[in-house]
Amino acid sequence: MTRNNPEVREVDENDLEVSKPKDWAGGLPAVYYSMEPALEHMGPGRAGRTLLGMNQRGGFDCMSCAWPDPGHRSTFEFCENGAKAVTWEATPVTVASEFWAEHPISELREKSEYWLGMQGRLVEPVYKAAGEDHYRPIGWDEAIGRVAGKLKSLGSADEAAFYTSGRASNEAAFLYQLFVRGFGTNNLPDCSNMCHESSGWGMGQTIGVGKATVTYDDFVNSDLMIVIGQNPGTNHPRMLTAMERQKENGGQIVAVNPLPEAGLRRFKNPQKPKGVIGKGTELADQFLQIRAGGDMALLQAVSQRVLAAEDAAPGTVLDHEFLEAHCEGLEQLRAHLAELDEATVLEATGLTAEEIDELAGRYLAAEKVIITWAMGVTQQKNGVATIKEIINLLLLRGNIGKPGAGASPIRGHSNVQGDRTMGIWEQMPPAFLDALGEEFSFDPPRGHGVDAVEAVRQMRDGKIKLFLALGGNFTAAMSDTAATEAAMDELEMNVQISTKLNRSHTVTGAEALILPTMGRTEIDVQASGEQFVSVEDTVSAVHPSWGRVAPVSENLLSEIAIIARLGRATLGEAVAADWEGFEADYDTIREHISHVVVGCEDYNRRIRQEGGFVLANGPRDSRTFNTPTGKAQLSVNALDLLECPPGRLILQTLRSHDQFNTTIYGYNDRYRGIKKGRHVIFVNPQDLEELGFEDGQLVDVHGEYVDGKDRVLRKWRIVSYPAARGCAAAYYPEANVLVPLDDTVEGSNTPVSKGVIIRLEPAEDGPAGGAGEENQRADMPATV
Ligand SMILES: Nc1nc2c(c(=O)[nH]1)N[C@H]1C(S)=C(S)[C@@H](COP(=O)(O)OP(=O)(O)OC[C@H]3O[C@@H](n4cnc5c(=O)[nH]c(N)nc54)[C@H](O)[C@@H]3O)O[C@H]1N2
Ligand SMILES: Nc1nc2c(c(=O)[nH]1)N[C@H]1C(S)=C(S)[C@@H](COP(=O)(O)OP(=O)(O)OC[C@H]3O[C@@H](n4cnc5c(=O)[nH]c(N)nc54)[C@H](O)[C@@H]3O)O[C@H]1N2
Ligand SMILES: [Mo]
């Protein structure tokens, strides 16, 4: 069944085509594009078994995003991008044994993420010895032995860091953190450090929990949904169905975004006949085209208007009962916002006073309000403070802990939230560590470990010598490509547990191993029979996920099997854990989860209930706030603005429609009208005119950060685009070249991926995309 090494042609950026951006998402193309790649690669049998098994009871959880499943699922509970994710994983194409001898690592390092991913599934462990330029296939025992041996040789456990990407299941994540803490470190950086970390801090400090306070039904039943810094059409497409239902129920939607994203405007539901041929549903009732980084000012201005309305009609606007019983800080907030300067707000947001009045009017007219947000908020310098302002606005009218209302970060990776619940965090609280230590009879380390940014610094400084990743593509996902790659090059050993080849396998340090693993679509049979795993979505619903197709190779191990073997080989008797038993029967892991993780009691029974179960959430369930005073905190946050000097632009780095994070499925971004290329920078036409550039022109994009290092993307093509004034956009991960390692969000240490100050300069003549004399890598050019 398996096929080896198809020819993959690299894209030529000179073929790029640009057309008008779309003002609607979904429709017939969504269905068509969904099916095409699946059928092409997999054949109808495997395609049918995977696509129809997505998000169904007895099927697997779609790994493309963390959007929840509705109570009543349609037969096709998947979206175009989910279909791409499944196809990419369930492909029968595999990397042949000869591949490793044919391709030196130095050559692989020149390849694009697209090319690497398209080589197919990894099916055997491979090892690169110090001084070698090739990986070579090895057996599992040797692979596990080499990693364990190296770990045991380190001078201290803190010389290793253990990364997790958010696709790992609850069972794998729990076992992994046990292995890491049993080894003796809290160095557990994860993708969340680069993602929703700001949400955890902003919400944790104000309402005592860093998770959404809503259920799926709340979205559908809200009067008003404010969607800030999020592009659901591409990144959470199934959310559009919930938005459509909310509209049918008479709700309103406001979108706040520097870009007029297609999915925020109109939706043609591909699962309904009228969605395929008709005009679709208008989604946003109001679109606020905000200047990047201006959300904090906007939210303060809206709260100020809410308080002014209360002053004009005392006792009628605020939810006094709720505020008195459950909140504190109202008077301080009132005093602070009284000082807010309207001119500053207008400048920071790029909006008019009337637009802000209109939003305030909609907020005041609605009884049930949900605010959702994603990377447009969390990856801004003031992201944590902005989230606190979201909470302020919601608390003023009691919009937390009542049906149809609440605060909702929309998570990215399908189980990133569950991984945190299971202990993947460099600073888990003492109560968790106590319970873990008691369960496995050891003394877990107490000091905080490194997060993603700090991990890079410590690799650079030679303090961290071994990097082990449970999934993901750390090298490409992290900020400051040149700094990150230089740091990874210093490693003594780089170990990646992966499904497919990616950039992180090509920046190796001295020794390197790739340990191939099964994906979520695959049937996982162990000694006790067929296994399932479990995941938690963005609204804290926990449910099982069962594989549907045969593993692409019999040589693959599950993530759990790999971790269990590493644990046994490395830790010996250091923790009282039955590693072999864990591998044989995942129920045994869940039994331990029941004892250690608060809220997961009786896990094995509850995970088997119809539809799984929902984790308790104090604010949502009972307006209980786990803060030091037991009250929700209205907070005072000094307005923090993103300054952009004249002649410069604010660059955000974002996702195209044809990618999943660092995985590039293709080179089209069809809602934004881009075809056959990714080396583009979107700029507002008036900005172009003022700066003296033209649509289609090739430019060098220079990052300007206080450290004065020259970070440059060469020969990126300008696309004149209806972005907010002063706000440019380019695709991640390529644009990570420009995001400085030390530029991080106040309070969460997340890279500021959406607020990079840049300068454009005309590029020298020559073809696009870094070809020619200088010959920068097409996909991930180095800085100069
Ligand atoms: N198909 C697909 N699905 C995915 C992913 C994927 O790559 N592909 N990634 C997954 C992951 S891990 C995540 S975290 C999520 C990410 O989901 P999103 O957060 O939607 O992803 P981004 O593409 O980073 O888009 C950020 C949005 O914020 C806007 N924005 C940027 N700066 C600002 C600002 O200052 N203010 C406001 N109000 N808006 C701003 C941008 O214009 C853009 O619309 O998606 C998940 N789902
Ligand atoms: N500039 C900029 N940088 C960003 C962002 C941004 O918006 N702008 N977004 C940030 C965000 S939100 C995130 S979440 C991170 C993402 O960072 P990561 O989570 O590290 O990156 P991914 O691209 O999702 O990882 C893809 C790789 O995971 C592996 N993989 C896929 N499925 C599985 C599996 O089931 N098991 C295992 N073991 N491996 C698997 C494959 O080898 C694949 O190549 O990037 C961050 N970086
Ligand atoms: Mo993410």
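Both ligands and their constituent atoms are indexed starting at 1 by order of listing.
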Please tell me if the side chains of Pro21 and Tyr671 come closer than 4.5 Å, counting only heavy atoms from C-beta onward. no
Inspect the contact between Asp658 and Lys84 and indicate whether a charged nitrogen and a carboxylate oxygen are less than 4.0 angstrom apart. yes
Near ligand 1, which residues have a heavy atom under 4.0 Å away from one of its atoms? Ser64, Cys65, Asn81, Cys195, Ile228, Gly229, Gln230, Asn231, Thr234, Asn235, His236, Val256, Asn257, Pro258, Leu259, Glu261, Ile290, Ala292, Gly293, Asp295, Ala374, Met375, Gly376, Gln380, Gly412, His413, Gln652, Leu654, Arg655, Gln659, Phe660, Asn661, Lys754
Kindly indicate whether a cation-pi arrangement holds for Arg167 with Phe660, taking the cut-offs as under 6.0 Å to the six-membered ring centre and within 45° of the axis. yes
One finds that the ligand 2 atoms under 4.0 Å from a non-hydrogen atom of Asn473 are 18 (P), 20 (O), 21 (O), 25 (O)
Atoms in ligand 2 flagged as close to Glu559, the criterion being non-hydrogen separation under 4.0 Å: 34 (C), 35 (O), 36 (N), 37 (C), 38 (N)
Among Lys381, Arg711, Lys754, which residue meets the salt bridge (Lys or Arg N to Asp or Glu O under 4.0 Å) test with Asp743? Lys381
Taking only heavy atoms of Tyr163 into account, list the atoms of ligand 2 that are under 4.0 Å away from them. 17 (O), 18 (P), 19 (O), 20 (O)
Which atom names give the shortest non-hydrogen contact between Phe287 and Leu259, and what distance separates them? CZ-O, 3.4 Å
Taking only Lys NZ, Arg NE, NH1 and NH2, and the carboxylate oxygens of Asp or Glu, determine whether Glu583 and Arg565 approach each other closer than 4.0 Å. yes
Within the 4.5 Å heavy-atom criterion, are Thr521 and Met63 side-chain neighbours or not? yes
A student checking ligand 2 against Gly471 at a 4.0 Å heavy-atom cut-off should list atoms 37 (C), 38 (N), 39 (N)
Min side-chain heavy-atom separation Lys211-Glu536 under 4.5 Å: yes
Subset of ligand 2 atoms that lie under 4.0 Å from at least one heavy atom of Thr517: 36 (N), 37 (C), 38 (N)
Within a distance under 4.0 Å of any heavy atom of Ser498, pick out the atoms of ligand 2 and give their elements. 39 (N), 42 (O)
Ligand-side contact atoms (ligand 2) for residue partner Ile497, heavy atom cut-off under 4.0 Å: 37 (C), 38 (N), 39 (N)
Please walk me through it: do Lys500 and Glu113 pass salt bridge (Lys or Arg N to Asp or Glu O under 4.0 Å)? CA-CA 10 Å; Lys500 286 231 182 153; Glu113 288 288 355; over 6 Å; no
